[in-house]
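Data block below; observations after.
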Amino acid sequence: MSSFDEGLLPNTPRRQTVSRFRIASWVLIPLAAILFQVYVRRLAAFLGYLELPLLVTVYFSLMRRQPVAGAITGSLIGLAQDSLSQHPLGMFGIVKTLVGYFAASISQRFDVDNHALRFILSFFFFLFHQFFFWVLSRALLGQSLDVPIPQSIIFAFLNAVVAVPLYAILDRLKTEER
Amino acid sequence: MESFLSRYRNLSILLLLLVAQLLLLAYQVKSNQDVRLIRLWAVTAVTPVARVIEWARAGIAGAWENLFVLSDVRAENTRLRKDLDDLRLKNQMLAAELQMADRVKALVEFRSQIPSKTIAARIIGTGTGANTRTVYVDRGSVEGVKRGMAAISAKGIVGKIVAAYPTASLVQLITEQGSVAGVISQKNRVRGTLKGQGSGTLIVDYIRNEEKVDPGEWFYTSGTDRIFPRGLPVGIVKMVREGRGGKEVVVEPSGLENGLEEMLIVIDGVHGSIPEAETAPSSDISILPAPPEDAPVQQAAPVPGAPAAPQPAAPAGSAPAAKDLKTDADRLLEKYRRVGESQGIVLGTTKIRVPDFNRAPEAAKPAAPDATKPAPANPGPAAVTRQ
């Protein structure tokens, strides 16, 4: 096992800690992310690429390290996002449920406090989110969405860039618990 | 079964969540209906927060605008006010220039209409003294200005030159006390002497109470003062009343209206004509146009039994022109003078020799145009008194 792998794998007791948040944080942070999503296009169109509900879902799932909690978190945030969108309820919900579940599952094996891992996971889950949303739209709704791959990669990169400092800020709101 | 669920708890819950949402999705797609209740809850929950955020954003944006944008607006407002003041000042200057141009244009036009030779002059100062009504103009003896020349404007006479210096001249305005001019009224041809009073109005002196002067009538220069050429407007009668020594006629000068900046100095005066007073046209009465002023006066046909009227053929230096004989006394004096001259007697001399006033003057004999009706050789006294 290399030193990099040792840095990522949670072998020490400190890395097996589960982060907990206040109820207010659980409610207000996703709500703020959704409101940002609602308002971002009106106030600053150039920030329209940001998928803050997805980043928040990934963060809470990574920090809780529990796939069930991650799935529930993802489904709730996704359904809330659905309810404010023009899509049928469940589209974002299903995708973010999967994102939350997989993110929490990964967090059990890696040190999610590492910024590089956070960047990679954010990049990956953004592409996963876009791809799975496209699949659901095509399979369940019969819609053929045009998803340009280069643009999706750039947006994934940009979201990952934003995710790192965002997660660092959200880290200040957590209360660690073994 | 229980052990299976506990062993695959995470996966089971994931599947449960996915299936539930798939069913929700399938319901919406199948029934083509929206789950309005959930959306209503979501919108109701989000809207107040969104409203607060929007209120805060608007407040911050407004404060930002007040702090920074309005500060620029304030500076711009100050600059625009300064520009406005500058433009107002420039506008006033341009308006003054325009007024001056109008005045000069009117003066030039007037100058081209009058027969006298004039030069334009501009007021450059006023005479010293508390109540003085004298001004300095920028034309002097170098330009040919001499003492005693008349100063006029397009609207009337202004004054006369009382001192001529090489580069400037002093003009005594017509309103100055002691300033005089010979004038004649337009409508009734009443002569008088215009006098300045040191105020804004003038008086016309030496008009008898029997003579008729109407308020609103114009006075023109008569040319008898040898300063102002005949026919220049002087002013309009403001007030007329009978006095002890004669009529009291107050005239408002027309040449000094609305301030005076420029004037014309009459270098070589030529007497002009006095325009006829305008009468209101009437459709019931036929009125011929006025005869030309400069045409020789046509003598009326002599009335049978009456002596011939004085002829204009008399020498110009010895007798006044017939058109200057305005009163009965003038005409009677002229008749007696002619009678005396025909008998070799000059009236007013010390010789005590009285002419025979019953004899007609010799100059009046051949004036009758109709030979079939000669004038009587010796008209009676009654005929003399009829004139």
Side-chain angles (χ1 to χ4, degrees), chain A residues 27-28 30-40 42-44 53 61 64-105 108 132-133 136-137 139-143, chain B residues 1-70:
Chain A
V27 175
L28 293 180
L31 183 62
I34 292 170
L35 284 173
F36 181 84
Q37 192 78 2
V38 171
Y39 274 93
V40 67
R42 195 173 79 83
L43 300 178
S61 302
R64 285 296 294 173
R65 298 178 189 274
Q66 294 175 1
V68 174
I72 294 173
T73 302
S75 66
L76 290 177
I77 292 175
L79 284 173
Q81 194 175 359
D82 277 329
S83 61
L84 295 173
S85 71
Q86 78 279 12
H87 303 297
L89 288 177
M91 292 292 289
F92 282 119
I94 292 171
V95 176
K96 284 189 170 58
T97 299
L98 292 172
V99 168
Y101 182 85
F102 290 130
S105 301
Q108 292 176 336
F132 216 80
F133 189 85
L136 283 181
S137 300
L140 298 179
L141 302 180
Q143 298 175 349
Chain B
M1 183 67 181
E2 188 178 350
S3 62
F4 178 82
L5 288 178
S6 61
R7 184 177 180 181
Y8 299 101
R9 189 174 70 94
N10 294 343
L11 198 57
S12 303
I13 293 174
L14 174 63
L15 289 174
L16 186 66
L17 288 172
L18 292 176
V19 168
Q21 292 182 83
L22 281 171
L23 287 174
L24 182 64
L25 202 59
Y27 167 76
Q28 295 173 78
V29 174
K30 182 77 174 176
S31 63
N32 200 19
Q33 289 182 353
D34 199 5
V35 186
R36 177 172 166 74
L37 192 60
I38 296 175
R39 290 191 190 273
L40 186 65
W41 287 348
V43 172
T44 306
V46 166
T47 304
V49 182
R51 194 170 294 169
V52 170
I53 291 173
E54 176 62 21
W55 175 80
R57 187 200 64 79
I60 292 170
W64 178 272
E65 187 177 8
N66 286 337
L67 275 175
F68 296 98
V69 180
L70 283 187

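Bear in mind the structure is a predicted one, so any value in this text is a computation, not a measurement. All chains are named by letter (A, B, ...) in the order of the sequence lines, taking the proteins before the strands, and each is independently numbered beginning at 1.
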Heavy-atom side-chain contact between Val68(A) and Leu17(B) under 4.5 Å: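 No - every pair of side-chain heavy atoms lies 4.5 Å or more apart.
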
If you round to the nearest 0.5 Å, how far is OH of Tyr101(A) from CG of Leu15(B)?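 The OH atom of Tyr101(A) is 8.0 Å from CG of Leu15(B), to the nearest 0.5 Å.
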
If you round to the nearest 0.5 Å, how far is CG of Asn10(B) from OG of Ser105(A)? 7.0 Å

Taking side chain as everything from C-beta outward and backbone as N, CA, C, O, which of these in [X] sits under 4.5 Å from a heavy atom of chain B? Side chain, backbone, both or neither.
X        : answer
Ile94(A) : both
Ile72(A) : both
Leu35(A) : side chain

Heavy-atom proximity to chain A below 4.5 Å, by part of Leu25(B): both

Which region of Leu11(B), side chain (C-beta onward) or backbone (N, CA, C, O), has a non-hydrogen atom less than 4.5 Å from a non-hydrogen atom of chain A, or is it both or neither?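 Both parts, backbone and side chain.
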
The ring-ring contact (aromatic ring centres under 6.0 Å, His included) partners of Phe132(A) (sequence neighbours excluded) come to Phe128(A)

From CA spacing to verdict: side-chain contact (heavy atoms from CB on, under 4.5 Å), Leu140(A), Leu22(B): CA-CA 9 Å; Leu140(A) 298 179; Leu22(B) 281 171; 3.5 Å; yes

My understanding is that only residues two or more places apart in sequence, or in another chain, count here; which of them pass side chain to side chain donor-acceptor pair (under 3.5 Å) with Thr97(A)? Gln21(B)

Using a cut-off of under 4.5 Å on heavy-atom pairs, state which of Ala104(A), Ala71(A), Pro88(A) scores highest against chain B.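 Ranked by contacts with chain B, first place is Pro88(A).
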
